Amino acid sequence: MQDAYDPAAVEREAQHFWRERNSFRSIEDPARPKFYCLSMFPYPSGKLHMGHVRNYTIGDVLTRHHRMRGFNVLQPMGWDAFGLPAENAAMANKVPPAKWTYDNIAYMKGQLQGLGFALDWERELATCRPDYYKWNQWLFTRLFRKGLAYKKTGVVNWDPVDQTVLANEQVIEGRGWRTGAPVEKREIPMYFLRITAYAEELLAALDHLPGWPEQVKLMQKNWIGRSEGVRVGFPYELNKEQRTLWVFTTRADTLMGATFCAVAAEHPIATFASRRDPKVQAFVEECKRGPAMEAELAQVEKKGLPTGVFVSHPITHEKLPVWVANYVLMGYGEGAVMAVPAHDERDYEFALKYGLPIRPVIRHPLGDSVPAPWKPEYAEPGVCINSGPYDGMDYQTAVDAIAADLTDKSLGEKQVQWRLRDWGISRQRYWGCPVPIVHCPSCGDVPVPDAELPVKLPEHLVPDGTGNPLARLPEFYETKCPACGKAARRETDTMDTFVDSSWYFARFCCPGQDGAMVDARAKYWMPVDQYIGGIEHAILHLLYSRFFQRVMRDEGLLDVVEPFTNLLTQGMVLAESYYTDANGRREWINPAEVEVTRDAKGKIASARTRDGRPVVYDGIGTMSKSKNNGVDPQALIEKYGADTARFYIIFASPPTNTLEWSDESVEGSFRFLKRVWAYALKYSQAAHQGEASRQARFEIHSVLKQANYDLQKHQFNTVASAAMKILNALEKIPGRNPASEEGLSILLRLLSPITPHIAHHLWRELQFGDDIMAASWPEPDAAALEQDEVELVVQVNGKLRGSIRVPKAADRGAIEGLALANPNVQKFVAGQNVKKVVVVPGRLVNLVV
RNA sequence: GCCGGAAUGGCGGAACCGGUAGACGCAGCGGACUCAAAAUCCGCCGGUGGCAACACCAUGAGAGUUCGAGUCUCUCUUCCGGCACCA
């Protein structure tokens, strides 16, 4: 055995062993329980970042652990290869996105292999390959024929200088990122997927996902946003024509307090009013120019103007003014609301600002009136007042009565409203999956027939930031109508990349299948038993995948409904950032270049660059290029090896927490692996002697018991701690005896999912077996955990005052007696009555005086 | 703004069902080895008081429930994720 731990040699040899034996190839085997473990596939951005390393290490620990527990495991890997960054890189380097993407994939694949992940590379896929995106297109044409994919207008960010659509990310403070021009909103025709048709099912099924974190289910529930309410019609006359303004409200009980209505800038009433009133026109224009993003929209000052249109109240027939307001969204409900200033905070502020009437109609906890300023109690449901026939009714009675009266007049009914909107998938971009539609002057939008799929994306183009280059490529867009054969124009929009990632997990089950989207093998592997990825995907990606799975079920492709049985949402990887300040210009210094001096207590006293310039500590945050605080996994692997990188990432933090990077702690993980090696070396050279110590076995098996429990809970950081504790216990055993042999075998097996290379090497070196992955997972020995005596803590009034050792079988009386006999306990009990004695078996005694 | 989280020593974190707060590690301090350094090994390590035994304080802040609260309930503060075209 080598004296020193040489990670590079150990890792090379272990990876060679796995490759030779094809260790990670997965084959369907109905005789064994299957475990499909999947980490979210990466976007091939260039090189791996620490978030990837963390994600795939967590997945690998789960995969290898399950494998040793006898599961038939599948852990595949692929590439979410379409997307915006490739176009940006193409513009910067004048290289086609395809070449950039394929080069990145090749490099990152090498990095993943170097980390020793147990991946079945025969199943590798890239979403930018025609054999993958063909099935996006195939499914789209089916949804289109069913009406689940349809065309309507959608709002986009428009850069008027570059004449191009911008992603939200490309809008910086309301301006285009390249041109600096104020971004405009624009409505363009797009294709939508009717996810709202599945809203009810997507919501209800959340209650049957016990393997998902509650917080994710709650976020999805709120996102889907089911609310029960009443659709209310306010009749009005426009150009001598009778019309109805429809609104949705969850507070129909407050209808008698409605004093005006407000509509979105895009609402027909606003359009009408802007034609006859230049002020309204200017305001509508202003609203349309405003931000398209909800987060920004919600922050803008609430403003409005009267449209001059009046509607009549459906119960009282009172004339109410209609305002156009920037806080009403066209995308939600009817694009119009009834305003009840007395019982809605936003309406209240709007009414105060513009002097509109405020009419209280609900008795709230603070009384019957609603004096300024606004108080949250005003919005609480209560008994109706000033409401004519509805006076005295409570919330539900009033809603029911008002809904019934409205139904009688054909001016409303109860309605369920969803916050969820249909999914707009058209992107005016080159590097994506072409939407398989042909626009024919006589036949309209015609889906491309199966025989002509895939519609291949030309891979040689270089975008220039001014629109989609496909729209300037006649070879691509000039085509014939599949229905009538006349000249027609091919759609040049591509699909949202979320389409690609909504079903890739099913495709991993069916490598090589070119005759169908998925085949029978998907029925064996699906659903994914364990899915792992960042919490930032809690809503969109996970909801779209759940939607797609149902769509695929309804196409008869799969039986499974929920794609992911268990979900683990990992935290982000953070690092400190530092900068030097030269005349107000910040230069960001990579933490690796910063030297920190500490005071006697270990607190940071000062920090400077290696060449002595003082730096400012800017706190801890996500690793980013802009703050130059990324830690390159490759440098880490080269310095310490993959096992140290993996161990550190697992040890530093539980998977769901954020992980704050620390170079010193990495050093500590490396030290631990060196100690494991040193111990194995000492063990291999020691002579057999003595018997197993009872105490050592107790320690090791107690730690193992806890570690197995922690593995179940996915609390892997304490499993790494457990390995350290076992090594500490082993080092206390003199020489080599049955306890050290057993303990070392447990240690290596416990470590093997986390640090597979060193575990593999030592397992063979010390002749525990041929392949540690074929070994069984260690279980604690009940006999080793037996104890004759236990230590109990003694409290007086809940405060710790001492401890006693009692025989395991001691009864209450004996325990009480021993506790009272403890001198320090006596000090606190002396002269007082013991009112109550609480005995928690195996833990403590509490004397209440 | 709305939705969802998080907060424990100098730092990362542990504490299973409400039952010894600080496991394990990092940093720091002291020592051994060394000509010296690195590496390695041993010891100490929340705060205040005390020679010590020990006592008091302490889990973001404030209240509450309980024999007993880091853990449960309420209010607040700060930070983080998402908000539909970043992935």
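Nothing here was measured: the structure is a model prediction, and the numbers come from that model. Every chain is numbered from 1, with letters handed out A, B, ... down the list of sequences.
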Phosphate contact ([N] OP1 or OP2) by [X] side-chain N/O below 4.0 Å:
{"X": "Ser662(A)", "N": "C11(B)", "result": "no"}
{"X": "Arg671(A)", "N": "A27(B)", "result": "yes"}
{"X": "Arg421(A)", "N": "A84(B)", "result": "no"}
{"X": "Asn728(A)", "N": "G25(B)", "result": "yes"}
{"X": "Thr497(A)", "N": "A87(B)", "result": "yes"}
{"X": "Arg801(A)", "N": "A55(B)", "result": "yes"}
{"X": "Lys799(A)", "N": "G68(B)", "result": "no"}
{"X": "Asn657(A)", "N": "G12(B)", "result": "no"}
{"X": "Asn824(A)", "N": "C54(B)", "result": "no"}

*asked:* Aromatic contact between Trp212(A) and Tyr531(A), with the criterion being ring centroids under 6.0 Å apart: yes or no?
replied: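 Distance test on ring centres: not under 6.0 Å, no.
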
_Ring centroids only, cut at 6.0 angstrom: are Phe651(A) and Phe672(A) within range, meaning strictly under it?_
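Ring centres of Phe672(A) and Phe651(A) not closer than 6.0 Å.
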
*Pick the nucleotide of RNA chain B nearest each of Ile188(A) and Ala722(A); which residue has the one closer to the 5' end?*
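Result: Ala722(A).
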
*By nearest nucleotide on RNA chain B, pick out whichever of Arg419(A) and Gln215(A) is the more 5' one.*
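It is Gln215(A), whose closest nucleotide lies nearer the 5' terminus.
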
*Could you work out the separation of C16(B) and A21(B) based on their C1' atoms and round it to a whole Å?*
15 Å

_Gap in Å between the two C1' atoms, one belonging to G70(B) and one to G60(B), rounded_ =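 Their C1' atoms lie roughly 12 Å apart.
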
*Where at least one partner belongs to residues 708-731 of chain A, residue pairs that pass salt bridge (charged side-chain N to carboxylate O under 4.0 Å, His left out), sequence neighbours excluded*: Arg675(A)-Glu731(A)

*So does Glu187(A) have more than 12 non-hydrogen atoms from other groups sitting under 6.0 Å from CD?*
yes

Between [N] atom [atom2] and [X] atom [atom1], what is the distance in whole Å?
{"X": "Ile535(A)", "N": "C79(B)", "atom1": "CD1", "atom2": "P", "answer": "20 Å"}
{"X": "Leu847(A)", "N": "G68(B)", "atom1": "CG", "atom2": "P", "answer": "14 Å"}
{"X": "Leu166(A)", "N": "A84(B)", "atom1": "CG", "atom2": "P", "answer": "15 Å"}
{"X": "Leu206(A)", "N": "G4(B)", "atom1": "CG", "atom2": "P", "answer": "14 Å"}
{"X": "Gln826(A)", "N": "A53(B)", "atom1": "CD", "atom2": "C1'", "answer": "17 Å"}
{"X": "Leu574(A)", "N": "C80(B)", "atom1": "CG", "atom2": "C1'", "answer": "8 Å"}
{"X": "Leu567(A)", "N": "G4(B)", "atom1": "CG", "atom2": "C1'", "answer": "14 Å"}
{"X": "Met724(A)", "N": "G25(B)", "atom1": "CE", "atom2": "P", "answer": "6 Å"}

Tell which nucleotide pairs with [N], taking only Watson-Crick or G-U wobble pairs whose two distances are both under 3.5 angstrom.
{"N": "G9(B)", "answer": "none"}
{"N": "G60(B)", "answer": "C76(B)"}
{"N": "G28(B)", "answer": "C44(B)"}
{"N": "A37(B)", "answer": "none"}
{"N": "C85(B)", "answer": "none"}
{"N": "C54(B)", "answer": "G49(B)"}
{"N": "U65(B)", "answer": "none"}
{"N": "A15(B)", "answer": "none"}

_With the 90 degree cut-off around zero defining syn, does C79(B) come out syn or anti?_
anti

_Point-to-point distance, once rounded to the nearest 0.5 Å, from CD1 of Ile815(A) to CD1 of Ile804(A)_ = 6.5 Å

*asked:* Using the rule given for ring-ring contact (aromatic ring centres under 6.0 Å, His included), can you reason through Phe82(A) versus Tyr133(A), listing the C-alpha separation, both sets of side-chain angles and the distance that settles it, and then say yes or no?
replied: CA-CA 10 Å; Phe82(A) 276 137; Tyr133(A) 67 70; 5.7 Å; yes

*After noting the C-alpha distance and the side-chain angles of Tyr648(A) and Tyr640(A), does the key distance pass the ring-ring contact (aromatic ring centres under 6.0 Å, His included) rule?*
CA-CA 11 Å; Tyr648(A) 168 70; Tyr640(A) 301 106; 9.7 Å; no

Under 4.0 Å, counting only non-hydrogen atoms across every strand here, what does [X] touch: a base, just sugar-phosphate, or nothing?
{"X": "Asn846(A)", "result": "base"}
{"X": "Leu844(A)", "result": "base"}
{"X": "Ala652(A)", "result": "sugar-phosphate"}

*Return yes if the base of C11(B) and the side-chain atoms of Glu660(A) contain a donor-acceptor N/O pair under 3.5 Å, otherwise no.*
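A donor-acceptor contact between them is absent.
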
*Confirm from the modelled atom types if Gln706(A) and C16(B) form a donor-acceptor pair under 3.5 Å, side chain to base only.*
yes

*Going through the distances and angles, do Phe716(A) and Ile58(A) end up as a side chain to side chain contact (heavy atoms under 4.5 Å, CB included)?*
CA-CA 8 Å; Phe716(A) 303 129; Ile58(A) 293 167; 4.0 Å; yes

